[in-house]
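Chain letters run A, B, ... following the sequence lines, proteins first and then strands; every chain starts at 1. Not measured: the values here are computed from a predicted model.
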There are 2 protein chains.
Amino acid sequence: MIQPRPRTIPEATVARLAVYLRVLTSLADGGRTTVSSGELASAAGVNPAGLRKDLSHLGSCGVRGVGYDVRALRERIARVLGAERSRACVLVGIGNLGAALADYAGFGSRGFHFVGLFDASPARVGQSIGGLTVQSMAELEATVTATDASIGVIATPADVAQQVCDRLTGAGVRSILNFAPVTLVAPAGVDVRPVDLSVELQVLAFLGQQRAVPAEEVTA
Amino acid sequence: MIQPRPRTIPEATVARLAVYLRVLTSLADGGRTTVSSGELASAAGVNPAGLRKDLSHLGSCGVRGVGYDVRALRERIARVLGAERSRACVLVGIGNLGAALADYAGFGSRGFHFVGLFDASPARVGQSIGGLTVQSMAELEATVTATDASIGVIATPADVAQQVCDRLTGAGVRSILNFAPVTLVAPAGVDVRPVDLSVELQVLAFLGQQRAVPAEEVTA
DNA sequence: AGCCGCTTGTGAACGCAGGAACAAAGTCGC
DNA sequence: GCGACTTTGTTCCTGCGTTCACAAGCGGCT
């Protein structure tokens, strides 16, 4: 049996598809109706051949000699990514970063919305951010269950992140975005995606230093 | 001529080295003096063999039969990553996210410190965040030059991010961490590292959806 | 002093992602 | 109506990253 669209799309491709989706939305807002692979690749910062290969994972959608229909392609990528309907997320840890995430308008337009904000500090509980009221940690499980949230975002200090992760997974959350600078362990079947801002900076600094002294010795 | 330590360390390895550094610091604070590759790999969430290969890029530093000396390894990784002395960074865009970054204590302990905060809004200019005063955009180039900042962080709205990038690179910044949801174009020799929170969420959502319906058809 | 167990470091194989080149296909101009 | 050009979709190939597996080396015990 031939399955023309294998169920496995490489993770790197998925990340790029999300970028293409963003670029296509921008193009559609600008009134563009069609776009070529070269132009789209340039706007996304990737190789044109790679872009076509990425798009081939979701079936032929372009017209040879013309390019891709902006709206059709956008809708197709959105469907594959599951971004057509908004997903419910809960956010734990309303510090500076958590508050910024809760108030970030970009999520709503990209298929995500928060249904619960939680913090351990009584001073934070009751505050209103981005249209939601911060709840106490005691209400975490009940809210996750009631809203059927499938994604949890952890923006707590490092020392409580694992505990929060355990509670989230215990309540049924299957996907976790972790901003705390610790490596979380989660049960099988739960995806944890770490986002460590310090790591990003350190990689950046290393690349810059490597470029600056490509042949010099690291005095050991 | 043999070069025992080739100058090229894979980027994926560099990112993991930063994680090892974090774990080692935590272990050292806990009083541990030695650690095995298996234990360290478990704490970092990677494969033990891969960890040893990563460490082999910076020369043999372990003792067979015993493991690695926590402090020595930590210092060695810090030296290779260039984290022994703090690097000067400037941050542009003091919205919710920018303010959170400026106030994030984690950077200071990991070898980074901000020497300038900038925002276009007069309402923001003059505010004090994390010990620094927000400056107007007009002072950007002068501050970059005076402080010799090598890293720029962009946390502005998408529509001005490219313009900010141009000004930063024009002033001599060679490394840029971009939180704006656009693909930046920069001159050759400048590293741009995008961090798109929506993309992270979309990848996470896709993985979860793929796991939920591994064999079901995407109704096209 | 010698043996044993444990751990590192490295070599090889596997799988995957990225890039280039080419054939198919559709449109525009004549 | 037909030819030529443009652009997609695919195939091959090269290189990299990851994993497994084993030899080398060191400490501890008898």
Engineer: Compute whether any side-chain donor of one residue and acceptor of the other, for B/Arg22 and A/Ser198, lie under 3.5 angstrom apart.
Structural biologist: no
Engineer: Is B/Glu39 salt-bridged to B/Arg32, going by a charged N under 4.0 Å from an acidic O?
Structural biologist: yes
Engineer: Between which nucleotides of DNA chain D, read 5' to 3', does contact with chain B run, using atoms under 4.0 Å from its heavy atoms?
Structural biologist: D/dG17 to D/dG27
Engineer: Within residues 186-194 of chain A, find the residues that approach DNA chain D with a heavy atom at under 4.0 Å, and present them sorted by residue number.
Structural biologist: none
Engineer: When you check the side-chain N and O atoms of B/Asn96 and A/Tyr104, is any donor under 3.5 Å from an acceptor?
Structural biologist: no
Engineer: Please tell me if A/Tyr68 has a side-chain N or O lying less than 4.0 Å from either OP1 or OP2 of C/dG26.
Structural biologist: no
Engineer: Which part of the nucleic acid does A/Gly62 contact within heavy-atom distance under 4.0 Å: base, sugar-phosphate only, or nothing?
Structural biologist: sugar-phosphate
Engineer: Compare side-chain N and O positions of A/Arg16 against OP1 and OP2 of C/dA17 and report whether any pair is under 4.0 Å apart.
Structural biologist: no
Engineer: Answer whether the closest heavy-atom distance between the side chains of B/Val23 and A/Val182 falls below 4.5 Å.
Structural biologist: no
Engineer: Take A/Asp54 and A/Thr13, measure what side-chain hydrogen bond (donor to acceptor under 3.5 Å, both in side chains) needs, and give me the verdict at the end.
Structural biologist: CA-CA 6 Å; A/Asp54 287 339; A/Thr13 293; 2.9 Å; yes
Engineer: Expressed as a whole number of angstroms, how long is the span from B/Asp69:CG to C/dT8:C1'?
Structural biologist: 15 Å
Engineer: Just the rounded figure in Å: distance from P of C/dG11 to CZ of B/Arg52.
Structural biologist: 14 Å
Engineer: Would you call A/Arg193 and A/Glu11 a salt bridge, using N to O less than 4.0 angstrom?
Structural biologist: yes
Engineer: Take the protein atom NE2 of A/His57 and the nucleotide atom C1' of C/dG18, then report the distance between them rounded to whole Å.
Structural biologist: 12 Å
Engineer: Using whole Å, report how far CG of A/Leu51 lies from P of C/dA17.
Structural biologist: 16 Å
Engineer: Rounded to whole angstroms, how far apart are NZ on B/Lys53 and P on C/dG9?
Structural biologist: 12 Å
Engineer: Between B/Asp191 and B/Ser175, do the side chains contain a donor N or O and an acceptor N or O under 3.5 Å apart?
Structural biologist: no
Engineer: Under 3.5 Å, is there a donor on one side chain and an acceptor on the other for A/Arg52 and A/Ser37?
Structural biologist: yes
Engineer: Could you state the atom-to-atom distance from CG of B/Asn47 to P of C/dA13 in whole Å?
Structural biologist: 19 Å
Engineer: Can you work out whether A/Val66 or B/Cys61 has the more 5'-proximal nearest nucleotide on DNA chain C?
Structural biologist: B/Cys61
Engineer: Using only heavy-atom distances, determine whether the side chains of B/Thr169 and B/Arg174 contain a donor-acceptor pair under 3.5 Å.
Structural biologist: no
